[in-house]
Protein chains: 2
Amino acid sequence: MIALDGYDLRLLAALQTDGRLTNQELAERVHLSASQCSRRRQALEEAGVIRRYRAEIDGERLGLGVTAFVNVQLSRHSEHNARRFRDVIADCDEVLEAHALTGDMDYLIKIAVRDLKSFADFVNTVLLAHETVAHVTSRIVIETLKSGGALPLRAGSGG
Amino acid sequence: MIALDGYDLRLLAALQTDGRLTNQELAERVHLSASQCSRRRQALEEAGVIRRYRAEIDGERLGLGVTAFVNVQLSRHSEHNARRFRDVIADCDEVLEAHALTGDMDYLIKIAVRDLKSFADFVNTVLLAHETVAHVTSRIVIETLKSGGALPLRAGSGG
DNA sequence: GTCGATCATGCATGAAACGTGCATAATCTA
DNA sequence: TAGATTATGCACGTTTCATGCATGATCGAC
């Protein structure tokens, strides 16, 4: 874990909210010069702290009316099955995230699709049709209270 | 839902992967001029299709060793309780996402914390300590197979 | 099909932003 | 304290952005 000072944390906070801030805008938020912000941003990128920048897209404007979380249990716990399931997940762009979890179900995946019909199709033709998958439990998102996945940053005091 | 042509979809795909691509780089990927990419990107932003750009940060480099999904059931279904729960969620930067779901549990929240101890603290002192919360089920992420939340884009044919 | 209106596009270009050399200040270590 | 190292802001050449303009493409009415 690399050492991050207060300036770094503030840069991260700013860029986590708006990844396209100019160096000058960062400078105003962080109270360093634009060139120093540029250097530090680059260092954070090179160190892998900032992995990448992404455009956050509004799924509804794309016609994606249904987001759901699906719990998946594999038929047999083996490295082979896990790898095959992993490949299925990687191939489906409907799958936004996928995590292996502790507990009775093996994986939790988050998917986004056009409507309930395509959701059912996805579950039946992609998940349940796959021989590694034994059991599936689905829950539809009816409301999103918080999104974006911004990580907590230690309360910085730098300045 | 606004009309997106093949060029728009390709721009979105490119920017969903790298939100800091220059207009020239976009031009090369999409086969339009840089100025047209600039205009279309602006239009997508103004239309709200692109909501924002975010830096994606590596939580582990921040010392966040535990990601977990927590199912939360409220003690009583009322608008008052829902609003109060919503406020709690909004106030905690450990909470990355929160969704109200169909099914037996009311909410699914995703959190990131330093370690298991801080996870237990969060559950006990934030969630369970809150009078609106009746029941909590937690599952720790042991591996992430896919992340970033990139939305599926219709296969575009523009060009 | 023709014509005029409208929209999309690339080119050109002035303004804005970037990134880095350099000199200086700040910090660290013996 | 002194020297070495690191962080910083300034200056500036290069890159990028955004927009006016002319032109091409598309649309709709006749």
Side-chain angles (χ1 to χ4, degrees), chain A residues 1-58 61-63 150-151 153-159, chain B residues 1-58 61-63 150-151 153-159:
Chain A
M1 186 175 82
I2 77 162
L4 302 175
D5 66 15
Y7 290 119
D8 291 322
L9 292 173
R10 272 199 270 173
L11 282 171
L12 290 173
L15 288 165
Q16 197 162 223
T17 298
D18 180 353
R20 271 205 174 228
L21 289 171
T22 65
N23 295 323
Q24 184 55 46
E25 286 163 338
L26 287 170
E28 284 154 14
R29 284 164 167 70
V30 171
H31 306 303
L32 284 175
S33 69
S35 62
Q36 195 55 16
C37 289
S38 175
R39 288 193 185 102
R40 280 176 174 245
R41 179 168 55 77
Q42 282 177 51
L44 291 170
E45 290 164 9
E46 278 153 27
V49 176
I50 296 177
R51 274 209 205 102
R52 60 167 61 206
Y53 300 90
R54 289 186 189 274
E56 183 185 297
I57 298 177
D58 181 348
R61 289 180 203 243
L62 292 183
L151 295 173
L153 302 166
R154 292 177 309 230
S157 56
Chain B
M1 187 176 81
I2 76 164
L4 302 174
D5 67 15
Y7 290 119
D8 291 322
L9 292 173
R10 271 197 270 173
L11 282 171
L12 291 173
L15 288 165
Q16 200 165 220
T17 299
D18 180 353
R20 271 201 172 231
L21 289 171
T22 64
N23 295 323
Q24 185 54 46
E25 286 164 337
L26 287 169
E28 285 155 12
R29 284 163 166 70
V30 172
H31 307 301
L32 285 173
S33 68
S35 62
Q36 196 54 18
C37 290
S38 176
R39 289 192 185 104
R40 280 175 175 247
R41 179 168 54 78
Q42 282 177 52
L44 292 170
E45 290 162 9
E46 277 154 27
V49 176
I50 296 176
R51 276 212 206 98
R52 58 168 64 205
Y53 300 89
R54 289 184 189 276
E56 182 185 298
I57 297 176
D58 181 349
R61 290 183 202 240
L62 292 182
L151 295 171
L153 302 167
R154 293 176 311 232
S157 58

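Side chains included, hydrogens not; waters and symmetry mates left out as well; all remaining heavy atoms used.
- In this structure, A/R40 places its CZ atom 9 Å from C1' of D/dT8, rounding to the nearest Å.
- Rounded to whole angstrom, the span from the OH atom of B/Y7 across to the P atom of D/dA25 amounts to 12 Å.
- Remark: P of D/dA7 and CZ of A/R41 are 18 Å apart, rounded to the nearest angstrom.
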Begin with the C-alpha distance, continue with both residues' side-chain angles, and end with the deciding distance and a verdict on side-chain contact (heavy atoms from CB on, under 4.5 Å) for B/R10 and B/H31.
CA-CA 10 Å; B/R10 271 197 270 173; B/H31 307 301; 3.9 Å; yes

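- Each of A/R39 and A/E25 lies near DNA chain C, and the nucleotide nearest A/E25 is the one positioned closer to the 5' end.
- The 5' end of DNA chain D is approached more closely, in terms of each residue's nearest nucleotide, by A/C37 than by the other of A/C37 and A/R20.
- Between B/L26 atom CG and D/dT15 atom P there is a gap of 18 Å when expressed in whole angstrom units.
- Close approach of DNA chain C to chain B, defined as any atom under 4.0 Å from a non-hydrogen atom of the protein, starts and stops at C/dA8 to C/dC11.
- Taking atom CD on A/Q36 and atom P on D/dA7, their separation rounds to 8 Å, with Å as the unit.
- Contact check, B/N23 against D/dT16: no side-chain N or O comes under 4.0 Å of OP1 or OP2.
- Across all their heavy atoms, B/Q24 and B/A34 have their closest contact at OE1-CB, 3.7 Å.
- From B/R54, atom CZ reaches atom CD of A/E56 across 4.5 Å, with rounding to the nearest 0.5 Å.
- If you check every strand for non-hydrogen atoms under 4.0 Å, A/T22 touches sugar and phosphate atoms only.
- The CG atom of B/L32 sits 18 Å away from the P atom of D/dG24 (whole-angstrom rounding).
- Here the rule is side chain to side chain donor-acceptor pair (under 3.5 Å) with B/N23, and of B/R40, B/Q36, B/R41 only B/R41 fits it.
- Atom pair B/L15:CG and D/dC17:C1' shows a separation of 15 Å (rounding to whole Å applied).
- Rounded to whole angstrom, the span from the CD atom of B/Q24 across to the C1' atom of D/dA18 amounts to 14 Å.
- Two residues are said to be in side-chain contact when any heavy atoms from C-beta on lie closer than 4.5 Å; A/I57 and B/L15 fail this criterion.
- Counting only N and O atoms by type, the side chains of B/R39 and B/Q42 include no donor and acceptor under 3.5 Å apart.
- Rounding to the nearest 0.5 angstrom, the gap separating the CG atom in A/D8 from the CG atom in A/L44 is 5.0 Å.
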